[in-house]
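Sequential numbering from 1 along the given sequence is applied to the chain's residues. Counting starts at 1 for both ligands and their atoms, in listed order. Basis for what follows: all heavy atoms, side chains included, without hydrogens, waters or symmetry-related copies.
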Amino acid sequence: MKVSLPKGTKDILSEEMRKYRYIENVFSEVCQNYGYGEINTPVFEYTELFQRGVGETTDVVQKEMYTFNDKGNRSLTLRPEGTAGVVRSYILNGMNSLPQPIKLFYMGKMYRYENVQKGRYREFTQIGVEAIGSLIPEIDVETISLLNTFFNKLNINDLQIRINSIGCKECRPKYNEILKDYYRNYLDDLCDDCKIRFEKNPLRLIDCKQHQCMAISKNAPYLLDNLCDECTDDFNKVKEGLDNLGIRYIVDKTIVRGLDYYTKTVFEFISENVGTQATICGGGRYDQLVEMLGGKPTPGIGFAMGVERLMMEIEARGVMLIEPKFPVLSMVTLGEAAYKFSSRIIDELRKEDIFVDIDVMGRGLKAQMKYADKMKSKYVIVLGDEEIKTNKCRIKIMESGQEKEISVDSIVNRIKENKI
Ligand code: ATP
Ligand code: MG
């Protein structure tokens, strides 16, 4: 059998994994300081959840879902995004009876059947947050501020923050009619997808990336210019709130976001580095989603960030996130008795959370020395029967090549206390 990897997937090897962990840790810490707890929902859910929650007319549902029937003939789908699952969990676990808002963050693999290209995979990682229960724009500001803080912690201080409002159930239907009036004149020139959008989800007409449609949407009326009073008011408060915190942003009337559930505030964090896949992070309000999925009417807001795209951003900036760890001590042993003795020392130090190493390949003395050097150990101790008998051994400080004599029974304490 010849093994291979499904298209759009990749192994994340140790060096990269270290960066993932670092990002996760920073994210988790920032989220907790903003009052978020972690949630972990299943990787697959009933297909219906995403059809309803993400929206029938979205690219994700129409083209990108990994849907299959299980052996019990239930239609399941690998999650293409995190929000629907979190909201489902909010409803099923009765979180509405807890003090609101419910603030949750997650990190996990997502699955979309996409055209694979740079920054676009079929299995990818998202980290994101959902704040469910608050209707007021203060939480919008806080959510954007959380993201801003997170990027600052990673030393990424120049992402463009673009915000827009896409209205609510009052102003959006009215705007849809205005939009349809505009597009009706161009109906024959629209792509096939947009012909469907025209009927089912006119707002997405603005978002189409097909050339012929982009030319038409250039002069289309914007929702931001047709908001109801409440939405206008809320959007102004979001802007004021961001100003108040000194967060710079651009109002971009063209942002509508790919998923159906968004309302009012939507936003994106954009980079110049990632090439065509410039959106590192996207989010917004979803005031109707909980109700759409069978819960009581409850507003919410969240964002999701592509970790692979974030990594590309970090790579492009050449910032090394975290140094790899090297062993403090490698024990090089000669003979079985010395090995057993040394492995007890190693074991004790490991239990003290110290990174130490001993051969597990059956290497000879010289090869062990060479390996310890390759591993970039800080200290190396060579131990044989003679050293154990006389309680004296030599410790080599690898950086300088200097050697010192110490007693064998002081090894553990010296390494623990870093006193050589
Ligand atoms: P795009 O317009 O690039 O397709 P999207 O609107 O589909 O993005 P969202 O569903 O909002 O993206 O997901 C949020 C983030 O998740 C994106 O900004 C991106 O960083 C990341 N992301 C989305 N799809 C992929 C993918 N196929 N591969 C890698 N990252 C992805
Ligand atoms: Mg997409």
Side-chain angles (χ1 to χ4, degrees), residues 5-10 12 16 20 23-24 27 50 53-55 57-66 77-87 105-130 143-144 147 150-151 154 156 159-164 166 193 197 201 203-204 206-210 213-214 252 254-263 265-286 289 300-316:
L5 204 56
K7 191 173 169 187
T9 67
K10 63 172 186 162
I12 309 170
E16 214 181 343
Y20 269 72
I23 290 171
E24 265 185 31
F27 187 67
F50 302 116
V54 177
T57 60
T58 58
D59 281 356
V60 169
V61 170
Q62 287 198 337
K63 302 178 195 158
E64 299 172 0
M65 293 211 300
Y66 276 93
T77 294
L78 299 185
R79 63 179 178 199
E81 55 93 64
T83 305
V86 173
V87 168
F105 73 97
Y106 61 84
M107 332 193 198
K109 294 280 183 91
M110 305 294 159
Y111 301 84
R112 295 184 192 179
Y113 193 79
E114 300 241 36
N115 288 323
V116 177
Q117 47 187 294
K118 195 176 165 210
R120 194 175 289 285
Y121 312 99
R122 292 185 175 170
E123 182 188 66
F124 59 100
T125 314
Q126 279 186 344
I127 53 185
V129 311
E130 314 296 346
T143 307
I144 295 170
L147 261 175
F150 168 69
F151 285 118
L154 295 177
I156 300 174
L159 293 182
Q160 224 180 63
I161 305 176
R162 296 193 191 163
I163 62 170
N164 190 23
I166 57 171
D193 282 346
R197 287 180 188 132
N201 191 357
L203 186 59
R204 293 292 316 281
I206 293 201
D207 198 28
C208 184
K209 299 289 183 290
Q210 298 286 330
C213 302
M214 277 167 82
D252 180 348
T254 67
I255 299 178
V256 299
R257 307 288 314 131
L259 313 179
D260 267 5
Y261 48 61
Y262 287 113
T263 50
T265 313
V266 289
F267 55 89
E268 292 183 345
F269 279 57
I270 313 267
S271 152
E272 256 118 61
N273 281 324
V274 193
T276 48
Q277 264 49 267
T279 314
I280 294 184
C281 174
R285 238 182 206 287
Y286 45 84
L289 184 59
I301 180 166
F303 65 74
M305 176 165 14
V307 177
E308 288 77 8
R309 288 194 201 171
L310 174 60
M311 297 276 282
M312 286 162 69
E313 179 66 27
I314 287 165
E315 225 94 297

Practice problem: Considering the heavy atoms of C281, write down every atom of ligand 1 situated less than 4.0 Å from one of them. | Solution: 18 (O)
Self-check item: Distance, nearest 0.5 Å, that separates NZ of K109 from CZ of R122
Solution: 15.5 Å
Quiz item: Atom CD in E315, atom CD in E16: separation rounded to 0.5 Å?
Solution: 7.0 Å
Self-check item: From OH (Y262) to CD1 (I166), nearest 0.5 Å
Solution: 9.0 Å
Exercise. Any atoms of ligand 1 less than 4.0 Å from a non-hydrogen atom of G119? List them with their elements.
Key: 28 (N), 29 (C), 30 (N)
Exercise. Please could you name the atoms of ligand 1 that T279 approaches to less than 4.0 Å, counting only its heavy atoms?
Key: 17 (C), 18 (O), 19 (C), 20 (O)
Practice problem: Give a yes or no on whether Y20 atom OH has more than 12 heavy-atom contacts from other residues, nucleotides or ligands under 6.0 Å away. | Solution: yes
Quiz item: Heavy-atom contact under 4.0 Å between R257 and ligand 1?
Solution: yes
Self-check item: Residue part near ligand 1, for I280, under 4.0 Å between non-hydrogen atoms
Solution: backbone
Exercise. Specify the closest pair of heavy atoms between V307 and I127, including all atoms of both residues, with the distance to one decimal.
Key: CG2-CG2, 3.8 Å
Practice problem: State whether the shortest distance between N or O atoms of G306 and N or O atoms of ligand 1 falls below 3.5 angstrom. | Solution: yes
Quiz item: Among R122, E64, R120, which residue places a heavy atom closest to atom 1 (P) of ligand 1?
Solution: R120
Quiz prompt | Under-4.0 Å heavy-atom contact with ligand 1, by part of Q126 that carries it | solution = side chain
Quiz prompt | R309 (side chain) donor-acceptor with T279 (main chain) under 3.5 angstrom | solution = yes
Quiz item: Is ligand 1 less than 4.0 angstrom away from at least one heavy atom of E308?
Solution: no
Quiz item: What are the two closest non-hydrogen atoms of E130 and G82, and how far apart are they?
Solution: OE2-C, 4.4 Å
Self-check item: Ionic contact status for E268 with R257, cut-off 4.0 Å
Solution: yes
Self-check item: Minimum non-hydrogen distance to atom 8 (O) of ligand 1, winning option of R309, M312, E123
Solution: R309
Quiz item: Can you find a non-hydrogen atom of E114 under 4.0 Å from ligand 1?
Solution: yes
Quiz item: When you measure from atom 10 (O) of ligand 1 to each heavy atom in E81, E313, R112, which option holds the nearest one?
Solution: R112
